[in-house]
Each structure stands twice: as structure tokens, then as C-alpha cells.
Amino acid sequence: MKKAPAEKPQWLTEEEQLAWRAYIHATTLLEDHLDRHLQRAAGMPHVYYGLLVQLSEAPDRRMRMTELAMNAKITRSRLSHAIARLERNGWVRREDCPSDKRGQNAVLTDEGFAMLETCVPGHVAAVRQALFDRLTPEQVRQLAEIMRIMAEGLQPTDADADLPWLR
């Protein structure tokens, strides 16, 4: 059986290429900036901070590990490694899930919540300095709208087979 010829790609315009490269460069720098700030402030990477924030906002500061991995868009293996490190710091503990014998919950401890409370002001200041202080209010509204549109178009569905949190 013969393969159909591949369609010719629709190359990016010069303006799209400039926008794409600026986006990649800026998001890489921003993530590195926030990562370095949190490493200095709390000895943890930005992704771990995000996990703690999610737990702090969850009912009873607890969440199923699979849901936490899905929200963070990371593999279960990476989440397990992160939670193990956060456990060693005393910031998180695991509990068996009462409704599913195979499942586990991650729980933010009081020590973890206290540590998070000390980090939040500095993290917010770092985000503000790196991003929002450089934009006009109209640019902030535009950025929010652009990111919302992108996220809606990229939101995975259950039909997507290779989702990180299923690995």
C-alpha cells in the first residue's frame, strides 16, 4: 500500500517566526528566573512550588496524586520523585486514599504551609518584577486573553493517548 504524499508544511511568516522565537526566549528566561529565585528562597524548583500551591488551595490541603500530576502536566514518576523530596523536607506527606485502595493522596503539612507562606511574597515580587511591571494594563489584558485562547486550544482530552500524567 502506497503512502499518500505528505502535505507541504505551511511555514511561519517572518512576523510569526519573530513572535515564536520571542515567546520561546521569554518563557525560557522567565521559568529560569523563577526557578533560581525559588532555589535561593526555599531550596526547591518552581515546579515543586506549583505543587505546594495546588495542595494549599485544595480542600483540606489534600489531593489525589493522579489529579496533582494531571494539574501539573507532569508524569506520575516525576511527581512521585517531587513528592518524595517534599516529604523529606517535611512539607508534604502521603496518605492512602480511603475511596480507592490503589490511590494515594498528597497532603500539605502545617510545616509546608508555613514555608509556602514565607515564600509567597518573594515569589509574587519576582513574578511582578519579571513580567507585570514591564507591561501596561492593556498588555496584561491582551496577554491573559492570548494565553486563555492558547490553553483552550491545547487542553488535552481523555482521547489523547500520550498524556504525561498517564505515564
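All values reported here derive from a predicted model rather than from experimental measurement.
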Exercise. Cluster question for you: counting only ILVMFWY and a side-chain heavy-atom cut-off of under 4.5 Å, with indirect links fine, are Leu143 and Val140 together?
Worked result: yes
Problem set entry | Trp20 versus Leu12, closest heavy-atom pair with distance | CB-CD1, 4.3 Å
For this session: Give, for atom CZ of Arg94 and atom CG of Leu86, the distance between the pair rounded to the nearest 0.5 Å.
Result: 9.5 Å
For this session: Please tell me if the side chains of Met115 and Leu52 come closer than 4.5 Å, counting only heavy atoms from C-beta onward.
Result: yes
Exercise. Under a 4.5 Å cut-off applied to non-hydrogen side-chain atoms, are Glu67 and Gln54 in contact?
Worked result: no
For this session: First locate atom CG of Leu79, then atom CE of Met70, and finally report the distance between them rounded to the nearest 0.5 Å.
Result: 12.0 Å
Seminar exercise, completed: When every non-hydrogen atom of Leu108 is compared with those of Trp91, the smallest separation belongs to CD1-O, 3.3 Å
Exercise. Can you list every side chain to side chain donor-acceptor pair (under 3.5 Å) pair that touches residues 37-53, not counting sequence neighbours?
Worked result: Glu31-His46
Problem set entry | Inter-residue atom distance Thr66.OG1 - Gln104.CD, 0.5 Å rounding | 10.5 Å
Exercise. Counting distance only, does the side-chain N/O of Glu16 pair as donor-acceptor with the main-chain N or O of Thr13 below 3.5 Å?
Worked result: yes
Problem set entry | Residue pair Arg93, Glu95: steps toward the salt bridge (Lys or Arg N to Asp or Glu O under 4.0 Å) verdict | CA-CA 7 Å; Arg93 73 175 182 275; Glu95 293 179 346; 3.1 Å; yes
Problem set entry | Straight-line distance of Leu30 CG to His25 NE2, nearest 0.5 Å | 11.5 Å
For this session: Please indicate whether Arg78 has more than 12 foreign heavy atoms, meaning atoms of other residues, nucleotides or ligands, lying under 6.0 Å from its CZ.
Result: no
Exercise. Would you call Leu51 and Asn71 a side-chain contact if the rule is heavy atoms closer than 4.5 Å?
Worked result: no
For this session: Find out whether Met65 and Arg76 are in side-chain contact, i.e. whether some heavy atom of one side chain is under 4.5 Å from a heavy atom of the other.
Result: no
Exercise. Who pairs with Arg148 by side chain to side chain contact (heavy atoms under 4.5 Å, CB included), at least two apart in sequence or on another chain?
Worked result: Glu145, Glu152
Problem set entry | Expected output: side-chain Arg64 to main-chain Cys97 donor-acceptor under 3.5 Å | no
Problem set entry | Heavy-atom check, side chain of Gln139 versus side chain of Arg134, under 4.5 Å | no
For this session: Report yes or no: does Arg61 contribute a side-chain atom to a donor-acceptor pair with the main-chain N or O of Ala106 at less than 3.5 Å?
Result: no
Exercise. Does a side-chain heavy-atom distance below 4.5 Å link Val92 with Val107?
Worked result: no
Exercise. Considering only heavy atoms from C-beta outward, does the side chain of Asn105 approach that of Pro98 to under 4.5 Å?
Worked result: yes
For this session: Identify the two heavy atoms, one from Arg85 and one from Pro45, that lie closest to each other, and give their separation to 0.1 Å.
Result: NH1-CD, 3.5 Å
Exercise. Under a 4.5 Å side-chain heavy-atom rule over Ile, Leu, Val, Met, Phe, Trp and Tyr, are Ile83 and Phe113 clustered together?
Worked result: yes
Exercise. What is the minimum heavy-atom distance between Thr109 and Gly90, and which atoms define it?
Worked result: OG1-O, 2.6 Å
Exercise. Roughly how far, to the nearest 0.5 Å, is the CG atom of Leu55 from the CG atom of Leu68?
Worked result: 5.0 Å
For this session: Not counting sequence neighbours, which residues clear side chain to side chain contact (heavy atoms under 4.5 Å, CB included) with Glu57? List them please.
Result: Val53
Exercise. Do any N or O atoms from the side chain of Thr28 and from the backbone of Ile24 form a donor-acceptor pair under 3.5 angstrom?
Worked result: yes
Problem set entry | Between CE on residue Met150 and OH on residue Tyr23, distance to nearest 0.5 Å | 4.0 Å
Problem set entry | same_hphob_cluster(Phe132, Leu38) at 4.5 Å side-chain heavy-atom cutoff | no
For this session: Could you state whether Ile149 and Leu154 fall into the same hydrophobic cluster, counting links through intermediate Ile, Leu, Val, Met, Phe, Trp or Tyr residues with side-chain heavy atoms under 4.5 angstrom apart?
Result: no
Problem set entry | Hydrophobic cluster membership, Val124 vs Val47, 4.5 Å side-chain cutoff | yes
